[in-house]
Amino acid sequence: MKQTRPYPMKIILASHSPRRQELLAGLDLDFEVKVLPDIAEDYPDDMPTEKIAEYIAVEKADSYLPLLQTDELVITADTVVIVDGEVLGKPTDETDAKRMLQMISGRTHQVVTGVCLTAKDRQRHFSVLTDVTFKQLTDDEIDYYICTYHPFDKAGAYGIQEWIGHVGVSSIHGSYFNVMGLPVQRIWNELQTFCCQ
């Protein structure tokens, strides 16, 4: 049986993402997954792109606040991919996925994950940015990836831990885990001080 580390509060992860669940589990902390339905992920049109993920993470957290017990802490997160100032969300279909992958092909883009830690009486939020550079992808590589991996639940239409990351990513500057969807090293550091505020 895997041993976990004690934490003074009950941790809730507000995400159905298996990648985020796997990453948080890697910190050896007990947590439960609880996701509220129909939380809006809107943001102001004039918001700087690098602030969007953090804004949405805070909006998600505020939906949980009335439901939290005094010994509970909820972790909310959102990830966006940014290319030349354009935010790439999740693709709507194969055509949209191909468009996104063609946009990031042969270029460097930014992956920003916003995270919010929320308890009944306090809140901390932050963003982590990682630069990712892809080689020039061929149409065959893009088509194979879309048809085989169906990346329609991923911002920017790719998962770095999947085949496309293995063959396509030529360099990365910053947290790899952030690109997967959760900057766990930063979260670990934030959790160490959260209860002592």
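Just so it is clear, the values below take in all heavy atoms, side chains as well, and ignore hydrogens, waters and symmetry mates.
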I want to check something: taking the side chain as every heavy atom from C-beta on, are [X] and [Y] in contact at a cut-off of under 4.5 Å?
| X | Y | result |
| --- | --- | --- |
| Leu88 | Val83 | yes |
| Tyr7 | Leu191 | yes |
| Asp93 | Phe152 | no |
| Thr130 | Gln110 | no |
| Arg124 | Phe194 | yes |
| Gln123 | Cys116 | yes |
| Thr76 | Val115 | no |
| Leu29 | Trp188 | yes |

Flag, side chain of [X] to backbone of [Y], donor-acceptor distance under 3.5 Å:
| X | Y | answer |
| --- | --- | --- |
| Arg122 | Thr118 | no |
| Glu72 | Gln69 | yes |
| Lys60 | Ala77 | yes |
| Glu32 | Ile11 | no |
| Tyr64 | Leu36 | yes |
| Ser105 | Leu137 | yes |

Do you reckon [X] sits in the same ILVMFWY cluster as [Y], going by side-chain contacts under 4.5 Å, direct or chained?
| X | Y | result |
| --- | --- | --- |
| Val169 | Leu129 | no |
| Val87 | Ile104 | no |
| Val132 | Val184 | yes |
| Leu117 | Leu182 | yes |
| Ile82 | Leu101 | no |

Ring pair (Phe, Tyr, Trp, His ring centres under 6.0 Å) against Trp163, all qualifying residues, sequence neighbours excluded
Tyr144

To the closest 0.5 Å, what do you measure between [atom1] ([X]) and [atom2] ([Y])?
| X | Y | atom1 | atom2 | value |
| --- | --- | --- | --- | --- |
| Lys34 | Ser15 | NZ | OG | 15.0 Å |
| Leu68 | Ile12 | CG | CD1 | 5.5 Å |
| Asp96 | Lys90 | CG | NZ | 13.5 Å |
| Met47 | Asp45 | CE | CG | 10.5 Å |
| Ser170 | Gln136 | OG | CD | 10.5 Å |

Residues Glu86, Arg99; criterion salt bridge (Lys or Arg N to Asp or Glu O under 4.0 Å); working and verdict
CA-CA 13 Å; Glu86 180 180 344; Arg99 176 188 69 85; 3.5 Å; yes

Donor + acceptor pair across side chains of [X], [Y] (<3.5 Å):
| X | Y | answer |
| --- | --- | --- |
| Thr79 | Arg20 | yes |
| Thr4 | Asp28 | no |
| Glu162 | Tyr145 | yes |

Could you pull out the closest heavy-atom pair between [X] and [Y], with the gap in Å?
| X | Y | value |
| --- | --- | --- |
| Arg186 | Ser127 | NH1-O, 4.1 Å |
| Ala155 | Val80 | CB-CA, 4.4 Å |
| Leu23 | Gly181 | CD1-N, 4.5 Å |
| Pro91 | Pro151 | CG-O, 3.5 Å |
| Val74 | Ala14 | CG2-CB, 4.0 Å |

Should Leu73 and Lys10 be marked as a side-chain contact (heavy atoms from CB on, under 4.5 Å) after you check the CA-CA gap, both sets of side-chain angles, and the distance that decides it?
CA-CA 6 Å; Leu73 178 159; Lys10 181 180 177 182; over 6 Å; no

Pairs in or reaching into residues 77-126: which pass ring-ring contact (aromatic ring centres under 6.0 Å, His included), with residues at least two apart or in two chains?
His109-Phe134, His109-Tyr158

Any salt bridge between Glu94 and Lys98, counting N to O under 4.0 Å?
no

For Lys120, I'd like to know if atom NZ has over 12 heavy atoms of other residues, nucleotides or ligands within 6.0 Å.
yes

Worked check of side-chain contact (heavy atoms from CB on, under 4.5 Å) between Ile160 and Ile172:
CA-CA 10 Å; Ile160 195 170; Ile172 180 170; 4.0 Å; yes

Assess the residue pair Gln161 and His166 against the criterion (side-chain contact (heavy atoms from CB on, under 4.5 Å)); give the C-alpha distance rounded to whole Å, side-chain angles, the decisive distance to 0.1 Å, and a yes or no.
CA-CA 7 Å; Gln161 73 280 8; His166 292 257; 5.8 Å; no

Applying side-chain contact (heavy atoms from CB on, under 4.5 Å), run through Asp78 and Thr113 and close with a yes or a no.
CA-CA 6 Å; Asp78 191 75; Thr113 299; over 6 Å; no

